[in-house]
Amino acid sequence: MKSTLAACKKVRPLLATVAVGDTVLVGVSGGADSLALAIVLFREAQEREIKVIPVVLNHNLQDGSRAIAEAAAERLRAMGYNEVIIRDLTVVVTDGMESSARRARYEEFERLLAEKSASALFLAHTHNDQAESVLLGLVRGSGGKSLSGMAPINGRYLRPFLSITREETEEICRENSVEFWIDPHNNQLEFARVKIRNELLPHFEELLGPGIADALVRSATLLRQDGEALDQLAAEATAANPELDCANLAKLPVAIRSRLLRGAIYAAGAPSGSISADHVAPVEALVTDWHGQGQISLPGGVKVERISGRLSLSQQKENRGPTN
């Protein structure tokens, strides 16, 4: 039970942030990572009188997905969980299947947190996921926030496995005689994350030697520390300039102004994670290189234009036409 006990040590500090008697949720897909987290939480939460409710989301993106969700729920009940939630999602693909599925997933998580009056939701992202996220942010040119990866604590979302590898989660399942599902999407190279996982990272390891994933995760931690300080400064700048006056924006350092602009774009309705450096650049030019440019269109139907020396942001809903 070596891997299981090691994982328990990773979970305890985050469980300690949850009050005795609270309810928490854990997202479970049926794969090794999430089942391993469910195993460890079941062991640890009982001692702290914390109620854990597993949530299995069926994205309806492949044949037999409902049966896969039900099989995961059955394994969770066999572990000892009395209450398991299965929810069927409708994923509307607007900006790629990965991003759209993620958005639908987190919208459902938010509904469930409110419905169950839960104080937190545990997610099983691993060391591998962290390295892949950093590299994905790098190739997309998404900026320092993406390169800083995922935080162990992000509001009500807790990720205790960020220092645990995918191989270790599989070993936890084997130690506890829990069968796990292998998602066939993990081998479909049309997905950017799968290309990074199966082709790019192994290629880097072959060319540069082992330890690339560890180096990416270390870099993410350092960047996150710097990013948190810059985020605080950007929040202060946003509060001081709610009207987005361009003269005031132009006085800000680029690192702070770009964060302010991203925040304003997301607040206007752009999907989470959809804004890259290429999207921010023309908005930045409205502030620092103004020569009469027209309206800028961004993901999520967000429109940005400069009017009377200020940035104006609005969201134009797509007209999808008749549904019948």
Side-chain angles (χ1 to χ4, degrees), residues 1-12 14-15 24-47 50-89 91 97-98 101-102 104-105 108-109 112 121-132 158-189 191 193-194 197-198 201-202 213:
M1 301 294 283
K2 180 180 178 181
S3 294
T4 303
L5 295 175
C8 287
K9 292 180 181 179
K10 302 292 185 181
V11 165
R12 285 170 195 159
L14 295 192
L15 266 179
V24 299
L25 308 179
V26 55
V28 179
S29 67
D33 299 345
S34 58
L35 284 172
L37 180 55
I39 290 167
V40 173
L41 280 173
F42 187 81
R43 292 171 62 107
E44 293 295 316
Q46 286 184 320
E47 296 180 8
I50 294 169
K51 181 179 181 181
V52 182
I53 304 175
V55 175
V56 184
L57 301 183
N58 169 28
H59 292 75
N60 282 305
L61 293 175
Q62 54 189 301
D63 292 339
S65 60
R66 177 70 192 193
I68 293 166
E70 290 173 351
E74 193 59 36
R75 292 186 181 105
L76 290 161
R77 294 187 190 100
M79 288 180 203
Y81 284 103
N82 295 320
E83 182 178 359
V84 180
I85 298 171
I86 301 179
R87 288 289 172 88
D88 297 309
L89 304 184
V91 178
M97 192 171 79
E98 290 173 283
R102 182 185 185 279
R105 181 163 58 250
E108 188 62 33
F109 283 156
L112 285 164
L121 192 149
F122 282 80
L123 295 168
H125 295 109
T126 65
H127 182 276
N128 305 68
D129 294 315
Q130 185 77 301
E132 292 159 11
L158 308 181
R159 296 178 172 89
F161 275 11
L162 290 177
S163 60
I164 290 178
T165 67
R166 194 166 290 133
E167 291 74 19
E168 288 173 302
T169 65
E170 292 178 358
E171 183 59 26
I172 290 168
C173 290
R174 285 190 286 268
E175 286 177 351
N176 292 274
S177 301
V178 174
E179 184 180 352
F180 55 88
W181 173 63
I182 299 175
D183 187 349
H185 281 170
N186 289 339
N187 293 314
Q188 295 181 2
L189 294 177
F191 301 125
R193 184 176 288 274
V194 175
R197 177 182 306 158
N198 294 349
L201 272 172

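In summary, the side chains of Asp33 and Thr169 do present a donor paired with an acceptor at a separation below 3.5 Å, with no hydrogens or angles considered. For the 3.5 Å distance criterion, the side chains of Glu168 and Ser3 fail to qualify, holding no donor opposite an acceptor.
Using a distance-only test at 3.5 Å, with no hydrogens or angles considered, no donor-acceptor pair links the side chain of Tyr81 to the main chain of Val52. Side-chain atoms of Asn58 never come within 3.5 Å of backbone atoms of Arg87 as a donor-acceptor pair (strictly under, hydrogens ignored).
The shortest heavy-atom contact between Ser29 and Ser34 is N-OG, 2.9 Å. The two residues Val91 and His59 come nearest to each other via the heavy atoms CG2-O, 3.7 Å. Here the closest heavy-atom approach between residue Cys173 and residue Ile39 is recorded as CA-CD1, 4.2 Å. What you find for Arg197 and Pro202 is that their closest heavy atoms are O-CD, 3.3 Å. Nearest heavy atom pair, residue Leu76 against residue Ala38, reads CD2-CB, 3.6 Å. Taking both residues in full, the closest heavy atoms of Cys8 and Val40 are given as CA-CG1, 3.6 Å, listed atom of the first, atom of the second, then distance.
Between Lys51 and Val24 there is no side-chain heavy-atom pair separated by less than 4.5 Å. In this structure, the side chains of Leu37 and Phe161 come closer than 4.5 Å at one or more pairs of heavy atoms. Residues Leu41 and Leu15 have side chains in contact (heavy-atom distance under 4.5 Å, counting atoms from C-beta outward). Looking at heavy atoms from C-beta onward, Arg105 lies in side-chain contact with Leu57 at the 4.5 angstrom threshold.
In this structure, Glu179 does not pair ionically with Arg174, as no charged nitrogen and carboxylate oxygen lie closer than 4.0 Å. Between Glu171 and Lys2 there is no salt bridge, since no side-chain N of the basic residue sits under 4.0 Å from a carboxylate O of the acidic one. A salt bridge is defined here as a Lys NZ or Arg NE, NH1 or NH2 lying under 4.0 Å from an Asp or Glu carboxylate O, and Arg166 with Asp129 meets this definition.
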Legend entry - Leu201 and Asn128: CA distance, side-chain angles, deciding distance, side-chain contact (heavy atoms from CB on, under 4.5 Å) verdict: CA-CA 10 Å; Leu201 272 172; Asn128 305 68; over 6 Å; no
Inset, instruction - Run the numbers on Glu70 and Arg66 for side-chain contact (heavy atoms from CB on, under 4.5 Å), then give the verdict. - result: CA-CA 6 Å; Glu70 290 173 351; Arg66 177 70 192 193; 3.1 Å; yes
Inset, instruction - Go through Ile85 and Val56 one step at a time and tell me if the side-chain contact (heavy atoms from CB on, under 4.5 Å) criterion holds. - result: CA-CA 6 Å; Ile85 298 171; Val56 184; over 6 Å; no
Inset, instruction - Would you please test Thr126 and Arg159 for side-chain contact (heavy atoms from CB on, under 4.5 Å) and show each step? - result: CA-CA 8 Å; Thr126 65; Arg159 296 178 172 89; over 6 Å; no
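Applying the ring pair (Phe, Tyr, Trp, His ring centres under 6.0 Å) rule to Phe180 yields no partners; only residues at least two apart in sequence or on another chain are considered.
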